[in-house]
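Both ligands and their constituent atoms are indexed starting at 1 by order of listing. Please read all numbers here as calculations on a predicted model, not as lab measurements.
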Amino acid sequence: MDILFDTANLDDIERLTPIYPVTGVTTNPSILKKEGKVDFYPHFRRLREIIGKERTLHVQVLAKDAQGMIDDAHRLLDKIDDQVYPKIPTTEAGIAAMRHLKEEGVNVTATAIYSKTQGFLAIATGVDYLAPYYNRMQALDIDTKGTLTALAGFIKRFDAPSKIMAASFKNIVQVSHALEAGADAVTLSPKLLRQALSVPDITHAVDVFIEDWESVYGTRTLPED
Ligand SMILES: O=C(CO)COP(=O)(O)O
C-alpha cells in the first residue's frame with residue numbers, strides 16, 4: 001500500500017515524513033498555489049532532498065497540447081531529477097503524450113481521472129499510476145467506488161503494470177473507501193491524517209490507560225526492572 005502526501009509545503013513534508021509511512025509526494029498547480037509564488041525548480045529540488053530518492057515525486061505538466069506536455073515533462077526531468085513522475089491530465093492530448101513518454105521509458109502518472117474510460121485508456125498506455133479524483137467524482141454523483149473496483153479489475157485481468165493512486169479527498173472516510181474499492185495508493189493532505197488521529201476518543205483512551213496505571217502504581221512510567 002502506498003500513502004502519499006498531496007502537498008508542496010516543505011515544512012510539513014520535512015516534519016511529517018519521518019512520522020507517517022509515506023512513499024511519495026504529489027502536487028498540482030492548485031496545491032502549489034497555496035505556497036505562494038515559490039521558485040519552482042529549486043522548490044522541488046529541495047523537496048526531493050527532503051524525501052530522498054526512495055520516495056516517488058509526482059509533479060504536473062502545464063501545457064494542454066501533447067507536444068507541450070512532452071516538453072514540460074522533459075523540463076521537469078531535466079530540472080528536478082530524472083526520477084520524477086510527470087503528472088499528465090488524461091485528455092486526448094494527454095493520452096498521446098503519455099504514450100510518447102512511456103515509449104521513452106519515463107515514469108508517468110495519469111491524472112484528472114473521472115471515468116472508467118479515462119482509466120482504461122491510461123492503463124492501456126502503460127502508465128505507472130492513474131489518479132482518479134475521488135471527491136470530485138462523488139460530487140458529480142459518479143459511482144466512485146464502483147469505478148475504482150472496475151479499474152482495479154482491468155489492471156488485474158490484463159496484468160497491466162499500472163497502480164491506482166486515488167486522489168482528491170475531502171475526508172478520511174473517502175480514503176478508506178478508496179482502498180477498500182481497490183486503490184493501490186492514496187494521496188492526501190497531511191492535515192486529513194492528523195485530524196483523523198486527533199479525535200478526542202483516541203486521546204481519551206490513552207489518557208485513561210495512564211490514569212488507571214497511576215491509580216495502582218502511583219507513577220506514570222513503567223518500572224525500570
Ligand atoms: O489533483 C488533485 C489531488 O491530487 C485534486 O484534488 P482536489 O479535488 O482537492 O483539488
Shared hydrophobic cluster, L197 / L4 (ILVMFWY, side-chain heavy atoms < 4.5 Å):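 L197 does not cluster with L4.
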Taking only residues two or more places apart in sequence or in another chain, which ones pass side chain to side chain contact (heavy atoms under 4.5 Å, CB included) with S215? none
Taking [atom] as the reference point, the nearest protein heavy atom with its distance:
| atom | result |
| --- | --- |
| atom 3 (C) of ligand 1 | D6 OD2, 2.9 Å |
| atom 2 (C) of ligand 1 | N28 ND2, 3.3 Å |
| atom 5 (C) of ligand 1 | R136 NH2, 3.5 Å |
| atom 9 (O) of ligand 1 | K170 NZ, 2.6 Å |

Is there any N or O on [X] that sits under 3.5 Å from an N or O of ligand 1?
| X | result |
| --- | --- |
| T187 | no |
| T111 | no |
| T26 | no |

Below 4.5 Å, heavy atoms only, C-beta onward: do [X] and [Y] meet side chain to side chain?
| X | Y | value |
| --- | --- | --- |
| T109 | V127 | no |
| P89 | K64 | no |
| I3 | Y20 | no |
| F40 | L76 | yes |

Heavy-atom pairs closer than 4.0 Å: do any link ligand 1 to the side chain of Y133, the backbone, both, or neither? side chain
Candidate pair D6 and S189, rule side-chain hydrogen bond (donor to acceptor under 3.5 Å, both in side chains), full reasoning: CA-CA 5 Å; D6 204 17; S189 116; over 6 Å; no
Should the pair D78-R75 be classified as a salt bridge under the 4.0 Å nitrogen-to-oxygen rule?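 Looking at D78 and R75, the cut-off is not met.
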Tell me whether ligand 1 is touched by N135 - counting only heavy atoms on the residue side and a distance under 4.0 Å. no
So is Q60 close enough to ligand 1, meaning a heavy atom under 4.0 angstrom away?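 The answer is no: ligand 1 sits nowhere under 4.0 Å from a heavy atom of Q60.
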Under 4.0 Å from one or more heavy atoms of A167, ligand 1 contributes atoms 3 (C), 4 (O)
